[in-house]
Visitor: 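Could you have a look at this structure, given as structure tokens, before my questions?
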Amino acid sequence: NHRSADFVMAFKQKGGINLEKNPLLQVENLRVSYEGGRREILKNVSFNLEAGGITALLGLNGSGKTTLLKAVCGLLPSTSDRWELCGRSARKMTGRELSSLVSYIPQKHSIMYHIATVDVVLMGVNPRLRWYQTPTACDRSLAKATLDYIGLGDKAQEDFLSLSEGQKQMAILARAMVQNAPVMLFDEPDSGLDYENKRLIFEQIRLIKREKGYSALLALHDPDYALRYCDRIILLKNGRIEGTVDCITIKNRQYLLISN
């Protein structure tokens with residue numbers, strides 16, 4: 001068991017975020033266009049993310065999955081009738097406020113320079129710092145404890161670039177855990193990983209859901225993983241939501257069929 005008592009204590013604190021404002025994320029008629037509005041990528045997309053839920057976003061390449069994730073966390077300009085995080089209008093938030101409520105884990109990390117793994121994880125505290133502040137000793141202890149928690153404690157001082165792809169992905173997940181935002185967005189978190197590392201990533205996401213009550217939205221390609229690890233599936237096609245699937249209902253039906 002790689003859990004650190006220090007991390008678990010910090011992890012269970014909500015940090016003043018009101019999780020009673022459910023859904024944690026609410027989007028109505030979200031639209032994203034390129035080329036001055038001539039090319040519409042997302043077309044009136046509406047959905048909610050409930051506290052303690054894991055939702056898969058399934059669609060073919062080019063369906064708009066990454067665009068949706070980036071728009072929801074404020075990395076891409078968009079228009080909408082509603083975009084709320086924890087009951088507050090996201091459009092009225094500063095970038096720092098947005099980062100305290102939503103984290104984005106890209107498909108590929110952008111770290112191409114030599115840096116200790118613990119310092120990558122420590123980047124998760126940046127949204128809480130003002131321009132003149134630096135991470136504290138407590139922040140560094142939390143980053144180390146998070147690495148212990150996910151089983152990478154012995155890699156804390158190793159060069160991030162020397163890690164395996166699975167270890168890098170886990171370190172990026174640890175960074176998001178330190179960021180401690182209640183809405184977590186993952187762009188194909190299993191991309192390029194072997195079976196065991198995929199399982200570890202999904203199990204960690206489920207653990208966050210169970211221990212924090214936070215919400216996760218995962219852009220995926222594999223419906224099997226979506227059904228196995230998620231509570232709900234949103235089907236995206238050509239920038240529109242084609243439908244949703246309740247995974248729990250399907251799992252219960254499968255169980256009844258097997259039982260009978």
Side-chain angles (χ1 to χ4, degrees), residues 1-14 19 24 49-58 65 69 102-109 117-118 120-121 124 142-156 160 163-234 245-252 254-255 258:
N1 192 334
H2 299 290
R3 296 188 185 189
S4 161
D6 292 338
F7 172 73
V8 172
M9 286 180 65
F11 193 45
K12 288 187 175 181
Q13 295 176 5
K14 292 183 174 61
L19 296 182
L24 296 184
L49 294 183
E50 304 291 333
I54 301 179
T55 301
L57 184 63
L58 283 183
K65 298 189 300 297
L69 295 181
V102 59
S103 61
Y104 172 62
I105 298 87
Q107 181 179 348
K108 295 291 183 182
H109 65 84
T117 301
V118 69
V120 171
V121 177
L142 178 60
K144 289 179 179 178
T146 307
L147 284 172
D148 287 337
Y149 185 80
I150 65 170
L152 288 180
D154 59 334
K155 305 293 183 182
F160 176 80
L163 303 181
S164 70
E165 289 306 309
Q167 290 170 336
K168 288 177 183 175
Q169 196 75 345
M170 291 293 281
I172 297 299
L173 174 60
R175 181 178 68 182
M177 293 165 75
V178 168
Q179 185 175 339
N180 203 22
V183 177
M184 307 180 76
L185 311 177
F186 298 84
D187 194 354
E188 298 186 29
D190 59 333
S191 177
L193 302 183
D194 59 26
Y195 174 81
E196 180 60 17
N197 279 309
K198 287 183 181 182
R199 186 189 67 79
L200 288 173
I201 285 287
F202 286 120
E203 289 294 343
Q204 285 294 339
I205 294 171
R206 275 211 297 210
L207 192 60
I208 294 169
K209 163 197 168 179
R210 185 165 64 245
E211 296 200 350
K212 275 295 252 191
Y214 284 179
S215 183
L217 177 63
L218 289 67
L220 299 174
H221 276 297
D222 192 331
D224 289 336
Y225 279 100
L227 284 170
R228 185 180 307 174
Y229 291 102
C230 299
D231 307 307
R232 183 176 59 135
I233 297 173
I234 296 174
V245 177
D246 185 338
C247 300
I248 295 175
T249 299
I250 291 177
K251 290 172 187 175
N252 288 340
Q254 289 176 335
Y255 175 77
I258 293 172

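The model shown is predicted, which means the values in this text are computed figures rather than measured ones.
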Visitor: Looking only at heavy atoms, what is the nearest atom pair of Ala143 and Val178, with distance?
Guide: CA-CG2, 4.2 Å
Visitor: Nearest 0.5 Å, what's the CZ-CG distance between Arg199 and Asp194?
Guide: 10.5 Å
Visitor: Is the shortest heavy-atom distance from the side chain of Glu203 to the side chain of Arg206 under 4.5 Å?
Guide: yes
Visitor: Do the side-chain N and O atoms of Gln179 and Ser103 include a donor-acceptor pair separated by under 3.5 angstrom?
Guide: no
Visitor: Starting at CD of Glu196, measure out to CG of Leu200 and round the result to the nearest 0.5 Å.
Guide: 4.5 Å
Visitor: Can you give me the closest heavy-atom contact between Ile208 and Met177, atom names plus distance?
Guide: CD1-CG, 3.6 Å
Visitor: Counting C-beta onward and ignoring hydrogens, is there a side-chain heavy-atom pair between Val120 and His109 closer than 4.5 Å?
Guide: no
Visitor: Start with the C-alpha gap between Gln169 and Asn197, add the side-chain angles, then the distance that decides, and say whether side-chain contact (heavy atoms from CB on, under 4.5 Å) holds.
Guide: CA-CA 9 Å; Gln169 196 75 345; Asn197 279 309; over 6 Å; no
Visitor: Can you give me the closest heavy-atom contact between Pro189 and Phe202, atom names plus distance?
Guide: CG-CE2, 4.4 Å
Visitor: Return the CD1 to OH distance between Ile54 and Tyr229, rounded to the nearest 0.5 Å.
Guide: 10.5 Å
Visitor: Nearest 0.5 angstrom please: Ile233 CD1 to Leu218 CG, how far?
Guide: 11.0 Å
Visitor: Can you say whether the rings of Tyr225 and Tyr195 are parallel (under 30°), tilted (30 to 60°) or perpendicular (over 60°)?
Guide: tilted
Visitor: Under a 4.5 Å cut-off applied to non-hydrogen side-chain atoms, are Leu217 and Leu69 in contact?
Guide: yes
Visitor: How many angstroms lie between atom CG of Leu24 and atom CD of Glu50, to the nearest 0.5 angstrom?
Guide: 7.5 Å
Visitor: Of all the heavy-atom pairs spanning Ala174 and Ile150, show the shortest one and how long it is.
Guide: CB-CD1, 3.6 Å
Visitor: How about Lys155 and Phe160: do any of their side-chain heavy atoms sit closer than 4.5 Å?
Guide: no
Visitor: Taking the side chain as every heavy atom from C-beta outward, state whether Lys209 and Asp231 have any pair of such atoms under 4.5 Å apart.
Guide: yes
Visitor: To the nearest 0.5 Å, tell me how far Glu188 CD sits from Leu57 CG.
Guide: 10.0 Å
Visitor: Mind listing the closest non-hydrogen atom pair of Leu220 and Cys230 along with its distance?
Guide: CD1-SG, 4.4 Å
Visitor: To check you understand the geometry: which heavy-atom pair defines the closest contact between Cys247 and Leu227, and what is its length?
Guide: SG-CD2, 4.0 Å
